Each structure stands twice: as structure tokens, then as C-alpha cells.
Amino acid sequence: MSKKTIIEINEKITNLREQLAGSLMSAEKEYRIRFEISDLQYESLQMQINDLHQKLESNQNKILKPPRNENNKSINCKRAIKDFYKQIEHLEMEQQTRVMNADKERELIEKIKELRLKIQEQEDNLKSIS
């Protein structure tokens with residue numbers, strides 16, 4: 001092999017490496033852009049879900065009818081307790097799986113504490129009915 005052929009081969013190798021590096025950088029950039037967009041879409045959907053849950057929670061008390069007798073009170077207390085546990089489970093799952101700042105996490109913890117207090121109140125009501 002002549003010196004000229006070796007130089008040409010080395011130049012081709014260098015050019016191919018540069019093309020490969022450029023292609024990798026382009027693919028990496030495109031991947032990051034797609035990932036960020038899907039992450040934004042996920043966050044948007046999560047916010048919509050949270051808003052709907054808050055609306056549901058705020059309207060839940062309006063929808064529940066007052067009990068007519070002691071038996072209905074017992075049933076309603078048990079349902080309320082069950083609903084509160086479901087809400088706590090949902091909020092705890094959100095706390096574990098969703099990235100949020102410290103203020104949002106504190107809010108979530110406060111909601112969980114309020115729900116636990118409501119459970120305690122309902123359990124006390126249930127004991128007084130029995």
C-alpha cells in the first residue's frame with residue numbers, strides 16, 4: 001500500500017467519524033426534545049387530573065345527602081371513611097410518583113393529615129351511633 005492510499009483511507013475514516021458524531025448529536029438532541037414534549041404533556045394531563053380530583057372533593061360534601069336515621073348514619077360514616085382512605089391512597093401514590101417542589105409536597109402532606117382527621121371524626125361518630 002502506498003503512502004498516498006493510507007492517507008486517503010485515514011481521511012475517509014476521519015470524515016466517517018465526524019459524520020457519525022454529528023448524527024449521534026442530532027439524534028440525541030431530537031430524543032431530548034421529544035422526551036421534554038412528552039414530559040410536558042404528562043405534566044399537563046396530571047394537572048388536569050388533579051384539578052378534577054379537587055373539584056370532586058369540593059363537591060362531594062354537597063352531593064352527600066344527610067342521613068335519615070341511625071342506620072343510614074352508620075352506612076354514610078363507613079362510606080365516608082372508605083372514601084377518605086381512597087383519597088389518602090391516591091395522594092400518597094401521587095407523592096411517591098410525582099416530582100414536585102417542597103411547597104406542593106407540604107400541601108399534599110397537609111391534605112393527607114386533614115383526611116386522617118376526618119377519618120378519626122367519622123370513626124368517633126360511628127362509635128357514638130353504635
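Because only heavy atoms are used, hydrogens play no part in the values below, and waters and symmetry mates are left out as well, while side chains stay in. Positions are given from 1 along the sequence. The model shown is predicted, which means the values in this text are computed figures rather than measured ones.
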Closest non-hydrogen atoms of Gln95 and Met100, given as atom of the first, atom of the second and distance, are CA-CE, 4.0 Å
Which residues satisfy the salt bridge (charged side-chain N to carboxylate O under 4.0 Å, His left out) test with Glu105, sequence neighbours excluded? none
Separation of Ile88 CD1 from Leu115 CG (nearest 0.5 Å): 5.0 Å
The side chain to side chain contact (heavy atoms under 4.5 Å, CB included) partners of Glu110 (sequence neighbours excluded) come to Lys113
Please check if the number of heavy atoms outside Arg98 that lie under 6.0 Å from its CZ is greater than 12. yes
Between Lys86 and Asp83, does any NZ, NE, NH1 or NH2 come within less than 4.0 Å of an OD or OE carboxylate oxygen? no
Using the side chain to side chain contact (heavy atoms under 4.5 Å, CB included) definition, which of the options Asn15, Leu16, Leu20 pairs with Glu18? Asn15
Looking at Ser23 and Gln19, would you say the former's side chain and the latter's main chain have a donor-acceptor pair under 3.5 Å? yes
Counting only heavy atoms not in Glu123, do more than 12 fall under 6.0 Å of its CD? yes
Using 0.5 Å steps for rounding, measure from the CD atom of Glu11 to the CD1 atom of Ile13. 11.0 Å
Scan Gln87, Glu92, Met93, Glu94 and name whichever one has a side chain to side chain contact (heavy atoms under 4.5 Å, CB included) with His90. Glu94
Do the side chains of Leu108 and Tyr85 join up, straight or via other hydrophobic residues, at under 4.5 Å, putting them in one cluster? yes
Rounded to the nearest 0.5 Å, the CZ atom of Phe84 sits from the CD atom of Glu121 at a distance of 8.0 Å
Distance col, row Gln120:CD vs Asn125:CG, nearest 0.5 angstrom, shows 10.5 Å
How far does CG of Asn76 sit from CD1 of Ile81, to the nearest 0.5 angstrom? 11.0 Å
Just so I know, are the side chains of Gln122 and Leu126 near enough to count as touching, which here means a heavy-atom distance under 4.5 Å? no
Would you give the length of the straight line joining atom SG of Cys77 to atom CG of Asp124, rounded to the nearest 0.5 angstrom? 10.0 Å
Less than 4.5 Å apart, any side-chain heavy atom of Ile109 and any of Leu91? no
Set out, in order, the CA-CA distance, both residues' side-chain angles and the distance that settles side-chain contact (heavy atoms from CB on, under 4.5 Å) for Lys104 and Asn101, then state yes or no. CA-CA 6 Å; Lys104 288 274 188 184; Asn101 62 31; 3.2 Å; yes
